[in-house]
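In what follows, a structure is listed as structure tokens, so that the remarks can point back to it.
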Amino acid sequence: MSATSTAMEVNAEARRILAVSISKLYASRTQRGGLRLHRSLLVSLVMRSARDIYHASRESEAPGAPTPQEPMDSSPSSEEQKQLPPQEAEPAQTEPQCALSPAPQTAVEAEECACDSEITEDKENMSPAARQSRKRRSKASAAPDFLPSKRARLEPGEERYAAPLGSCRVGAAETHGDLHQRVPGHSDDSGWVKTTEIDPLTGTRTETERPWKFEGETGSVS
Amino acid sequence: HLLPGPGGDMQWCFSQVKGAIDDDVAEADIISTVEFNQTGELLATGDKGGRNKNQPQFRSEYNVYSTFQSHEPEFDYLKSLEIEEKINKIRWLPQKNAAHFLLSTNDKTIKLWKISERDKRPDGYNLKEDDGRYKDPNSITSLRVPVLIPMDLMVEASPRRVFANAHTYHINSISVNSDNETYLSADDLRINLWHLEITDRSFNIVDIKPANMEDLTEVITAAEFHPLQCNTFVYSSSKGTIRLCDMRNAALCDKHSKLFEEPEDPSNRSFFSEIISSISDVKFSHNGRYMMTRDYLSVKIWDLNMETRPVETYQVHEYLRSKLCSLYENDCIFDKFECCWNGDDSVVMTGSYNNFFRMFDRGQHRDVTLEASRENSKPLQVLKPRKVCAGGKRKKDEISVDSLDFNKKILHTAWHPQDNIIAVATTNNLYIFQDKVN
């Protein structure tokens, strides 16, 4: 039992770090002076480590073992510090993979967008996996529950991430869980964007086209 | 353990403090760089508001000599980016005549400033009135030579060169070459070589930008020319490596001559291992035989002849290793601490939190923690060594890790090139301490 709870602690820690990292990346886009490449790189490295640990610990928990994260009919376990709607647990397992695999590239993408006009054209040739981050998710494939989101609310009695030192706070950026990019040159509201969606489990690609809508900076960052 | 005296036989005393007293810090007043000139006669500070302050030494006191606005905020319309006016680095040029020259840089543009004194003015022109209007030629009947008469000392700072448009990414370092003709500037991915006289051209000598930005794994964090060999420079990376390059080898120094890297201790592995191994500063010793690097938790001294590991490692605040997650959340883990050598390379210094700074005496194997605070700022008051209690029972006068103020950080310190005088910058105050013996 102790092995499982340690794995769960690691899992919870990894998820927390992932959430914090994503808010940092998001917040850095509105920073004065432009995106800091060094900082974005470091944050994305942390995210990658956390993501790997998260998946490793999920895999070790997953097959058959009765864990509190098993979905469907169990109510959120008291061991979970964070809200975990049962019906979203299964998609949540696969969601992080598509939300987060582009993340290290996202940091670089965002910096690339902002700082280097000479490689704007490379964005056209970017791998589909990287561009996935722009895709707005439909309600069916909702954002991972642990990411800061408009829908996330604390149950009464639950606490936010405890932070013992100084004035550390988890940036509570209101996002939809995906990271919109402002593509240079797209200053008008027209135009179509082709996106490729990769199913994380099977690897199959689906290409869709949808009208591009210019996104302003969304959400408030604390 | 008992030490006969902190930091060797040095006893540090308060000398001066400059800056606002109140806790409400204006963003523009945040000190972003501190640098003595080669003689120690002048001390320059740069701040977030783009201002440079120069203070000359007079009877062991530094007083403001000139303040000028080095950089203004700019807007890059093409990229929709604001360019901060914050001064990232100042480097003095060796003095060649009565005037002083320094290089000052923000994220994108380097400027060469001339600081000169004017204490005389010409009086009595032959052809002009005192107010500058030309006299009627017919009214001039005699020859007259202007004389220089004394006036109140005026210190003028004028920009002599502007080195712009050479950096796509944010400039983190500038370094003047020992040849006194060239200097380098480094951003996250590239290093450029400039001639001090030529502003419309620079040579790119290091380029680590990958063909595909998605493959980016490391960035350049600091760079410096060797103090004696004009063909040699080093640059540090976010992965904790230092590369030494020889400009005689090739025009583009992408291939290093030496690679300094210490293998990571696997027992210390954590989510944040990569962040804390990122080097925030690299400085050659004055004699050019060693270099020092600063990463988040330690200072390392490298012998230029040995690439496999540093010859000395000093822990600055090892008690923070267990707090890395919280320090990540509150962004402190991204703080870039600088480090510096004393004049004879026997002691090194770097900053920490709670307005503490640390000195490591290499020869005597002693170290000390001191604090820059207004409470200890009576004239010539001797600084008492401080101690942080990492865990367990806290002794009297010790501070526990959880009581440390992480908003009070000392990122920038400078040591006078000859004497035991140090300049320590807290967020918006500049402290000057000197050795009692001085």
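Below, all heavy atoms of this structure are taken into account, side chains as well, without hydrogens, waters or symmetry copies. Lettering of chains follows the sequences in order, A, B, ..., and the numbering in each one begins at 1.
- Contacts between B:Glu218 and chain A at a heavy-atom distance below 4.5 Å involve the backbone alone (N, CA, C, O).
- A side-chain contact (heavy atoms from CB on, under 4.5 Å) with B:Ile275 is found for exactly one of A:Leu41, A:Leu45, A:Leu42, namely A:Leu42.
- Counting heavy atoms of neighbouring residues, nucleotides and ligands inside a 6.0 Å radius, atom CZ of B:Phe75 exceeds 12 of them.
- Contact of B:Cys332 with chain A is not made at all, since no heavy-atom distance falls under 4.5 Å.
- Contact annotation for B:Ser238: both backbone and side-chain heavy atoms come within less than 4.5 Å of a heavy atom of chain A.
- You'll find the side chain of A:Arg16 reaches within 4.5 Å of the side chain of B:Glu329, heavy atoms only.
- Surrounding CG of B:Asn165 are at most 12 heavy atoms belonging to other residues, nucleotides or ligands under 6.0 Å away.
- Atom OG1 in B:Thr168 sits 11.0 Å away from atom CG in A:Leu37 (nearest 0.5 Å).
- Interatomic distance, A:Arg39 CZ to B:Lys336 NZ, rounded to the nearest 0.5 Å: 9.5 Å.
- Of the inter-residue distances, the one linking A:His38 atom NE2 with B:Leu216 atom CG reads 10.0 Å to the nearest 0.5 angstrom.
- Residues A:Val43 and B:Tyr328 have side chains in contact (heavy-atom distance under 4.5 Å, counting atoms from C-beta outward).
- Between B:Phe271 and A:Glu13, some side-chain heavy-atom pair lies under the 4.5 Å cut-off.
- With a 4.5 Å cut-off on non-hydrogen atoms, B:Asp331 touches chain A through its backbone and its side chain both.
- The CD atom of B:Glu84 lies 5.0 Å from the CZ atom of A:Arg32; values are rounded to the nearest 0.5 Å.
- Neither the backbone nor the side chain of B:Ser403 comes within contact range of chain A; no heavy atom of the residue lies under 4.5 Å from a heavy atom of that chain.
- Residue B:Tyr319 qualifies as enclosed at atom OH: its count of foreign heavy atoms under 6.0 Å is above 12.
- Counting heavy-atom pairs closer than 4.5 Å to chain A, the top-ranked of the candidates B:Asp76, B:Ile83, B:Asn106, B:Asp107 is B:Asp107.
- Neither the backbone nor the side chain of B:Ile220 comes within contact range of chain A; no heavy atom of the residue lies under 4.5 Å from a heavy atom of that chain.
- Closest heavy-atom contact between B:Leu81 and A:Gly34: CD2-CA, 3.2 Å.
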